[in-house]
Amino acid sequence: MDNSQPITQNSQLTTHNSQPPTRILVIGSGGREHAIGWKFAEDFKKKNQELELFFIPGNAGTAQLGQNISLKSLEEIRDFAKEEKIDLTFVGPEDELSRGIVDMFKEAGMEIFGPDQKAAQLEASKAFAKDFMQKNGVKTARYKTFQGPMLAIEYLESQEFPIVVKASGLAAGKGVIICQNFEEAKKAVLEIMEDKTFGEAGSEVVIEEYLEGFEASILSFFNGKEIVPFVSAKDHKKIGEGEVGLNTGGMGVLAPNPSFKREHFDAFETDILQPTLKGLLEENLLFSGVIFFGLMITTKGVYLLEYNLRMGDPETQATLPLLENDLYEIVKKSNRGEHFKLEFSNQQACCVVMVSGGYPLNYEKGFEIRGLENVQSPYFIAGAQLSDGKVLTSGGRVVNVVGIGGTMEVAREIAYENVKRIHFDYEYYRNDIGLD
Ligand code: AMP
Ligand code: GLY
């Protein structure tokens, strides 16, 4: 994989065969979706085949790779895919998956990569996921689920602290509150269940044992028979250097995760991957798509915090550039339930996320991003839109810059060298990604 920036608009891929272009639709609007599109484009360039990419809704980065389409309802998306004779749809975000986009496409006889609505509950309902883990012997924190605040608070009276209170439903990564004492935990339960801070996601709460350790993310592809893991990744969730301050959607990623050693992988395989696979097969939760394991590595072993049934953001931006396989071929194999291996280069990736000053609280948008043309490593637009030929910030997380090198030190240097070539008003990024 070369380290050049994403291919530019209309860089028509010359073809030396008469096959019609492959048409791929990517759903989503972030850095993850830009990275998925970029990987498809790189692979097709390499094999000298024609590709047409569509993104719903996409962003200023995906507009360089293909066509951005603005459609809202799942029905409209399905009809678009049908009319445009899309060969494969790849779903980025959890929302469409949990609303059943895969079921809808399959009913219409169209090819899509992702879990059906039933399996998507492994992410969309923490209560469902924890019950699945417990039933199938997947190593996870002790927990209890409640449908109302009274019993939850009564339960808290007999617990040790810290403890973790979670809204069961989808809350855009915000529904988890770590509580140091009874008062904090009671407040969290009331905020989630009575004030409905996270809306309907809080009609059920999971109260969970607090685990101390370091985290690792492992993405994998599931073909309905086997789970094939990616290289590990390390997310940096906090806004401040030294991992302090408010939680964000991710300020940087390292892949592989430098702290995640062979013995951790072995424990993950035995205590988490294998029992998960057994459970999926036994409970008939069969699909072709992504399983993302959110892990906590403690002195008592490797624990599963959560499943996501989609690619991680920003984990995708750091891991896909290391994937040596042709992504389209792998997804097609997975959809057919065929065996495949994933090969990763032994390079290291360091992804630095540039955000709008003020994020994750209030921030302004609409500032021009300058200097992208000087970037000499892969970069992925997370929150920017094209307007009159200019690229304007449109979100909290704005650009993801990925350095790739033989060591993490080199990868980190390349990432920051290129971050410094990009400018927008009130830009902010952490300077310590890859230092540990
Ligand atoms: P989740 O959405 O369940 O992955 O939780 C979001 C974040 O909260 C995780 O990435 C951890 O940093 C933290 N977290 C979740 N569950 C626990 C736990 N049982 N113990 C300690 N930290 C946790
Ligand atoms: N980076 C964590 C996630 O995608 O949920």
Side-chain angles (χ1 to χ4, degrees), residues 28 30-33 35-36 91-95 97-98 122-130 133-134 138-145 159-180 185 188 192 198 201-202 205-220 230 232-239 243-255 257 272 290-320 351 353 360 380 382 397 400 433:
R32 167 180 53 202
E33 287 74 23
I36 292 167
V91 189
E94 60 273 26
D95 185 52
L97 294 168
S98 71
L122 284 171
E123 172 165 5
S125 164
K126 290 189 193 297
F128 180 87
K130 293 291 287 192
M133 293 175 209
Q134 191 179 51
V138 178
K139 190 160 175 155
T140 192
R142 272 184 289 109
Y143 75 103
K144 226 168 149 56
T145 303
Q159 295 304 299
E160 286 177 12
F161 295 87
I163 206 162
V164 188
V165 178
K166 301 183 175 186
S168 178
L170 291 178
K174 299 195 182 80
V176 175
I177 306 172
I178 294 171
C179 307
Q180 299 301 330
I192 293 173
F198 308 107
V205 289
V206 174
I207 299 181
E208 189 173 287
E209 167 194 12
Y210 175 77
L211 297 174
E212 185 128 32
F214 71 89
E215 290 181 59
S217 308
I218 300 205
L219 304 178
S220 72
F230 275 44
S232 61
K234 174 188 165 101
D235 195 1
H236 295 69
K237 293 201 163 86
K238 305 284 188 193
I239 189 72
E243 209 52 29
V244 297
L246 294 172
N247 254 325
T248 69
M251 295 299 294
V253 170
L254 307 179
N257 183 325
I272 294 167
V290 176
I291 305 178
F292 163 148
F293 299 87
L295 306 178
M296 182 72 88
I297 293 84
T298 77
T299 52
K300 292 184 292 172
V302 176
Y303 285 72
L304 181 64
L305 293 179
E306 62 166 352
Y307 295 113
N308 295 314
L309 276 279
R310 50 158 177 94
M311 305 281 282
D313 190 338
E315 284 88 341
T316 302
Q317 291 88 307
T319 52
L320 273 190
C351 167
V353 178
F380 304 114
R397 289 190 295 169
N400 314 142
I433 309 298

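The figures that follow rest on heavy atoms only: side chains count, while hydrogens, waters and symmetry mates do not. Counting starts at 1 for both ligands and their atoms, following the listed order. Bear in mind that the values here come from a model prediction, so they are computed numbers and not experimental data.
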Atom 17 (C) of ligand 1 - nearest protein heavy atom and its distance
Leu305 CD2, 3.6 Å

Within-cut-off N or O pair, Leu211 and ligand 1, under 3.5 Å
yes

If hydrogens are left out, which of Thr298, Val164, Thr140, Leu304 has an atom nearest to atom 18 (C) of ligand 1, that is, the closest non-hydrogen atom?
Val164

May I ask you to test the Leu309-Glu94 pair for a side-chain heavy-atom distance under 4.5 Å?
no

Classify the contact between Glu123 and ligand 2 as side chain, backbone, both or neither, using a heavy-atom distance cut-off of under 4.0 Å.
neither

Looking at Lys237 and Glu215, is there a salt bridge between them, counting it only when a charged N and a carboxylate O are closer than 4.0 Å?
yes

Protein heavy-atom partner closest to atom 1 (N) of ligand 2 - residue, atom, separation in Å
Glu315 OE1, 2.7 Å

Considering the heavy atoms of Glu208, write down every atom of ligand 1 situated less than 4.0 Å from one of them.
16 (N), 17 (C), 18 (C), 19 (N)

Against ligand 2, does Lys237 come closer than 4.0 Å with any heavy atom?
no

For atom 5 (O) of ligand 2, what is the nearest protein heavy atom, given as residue, atom name and distance?
Arg310 NH2, 2.8 Å

What atoms in ligand 1 come closer than 4.0 Å to a heavy atom of Glu306?
1 (P), 2 (O), 3 (O), 4 (O)

Show me which atoms of ligand 1 lie under 4.0 Å from any heavy atom of Lys237.
10 (O)

4.0 Å heavy-atom contact, Lys166 with ligand 1
yes

Which of the atoms of ligand 1 are close to Lys126, meaning less than 4.0 Å from one of its heavy atoms?
1 (P), 2 (O), 3 (O)

Closest non-hydrogen protein atom to atom 22 (N) of ligand 1, residue and atom name please, with distance?
Met296 CE, 3.7 Å

Mode of Glu215 contact toward ligand 1 - side chain, backbone, both, neither (heavy atoms, under 4.0 Å)
side chain

Backbone or side-chain N or O of Tyr210 under 3.5 Å from ligand 1 N or O:
no

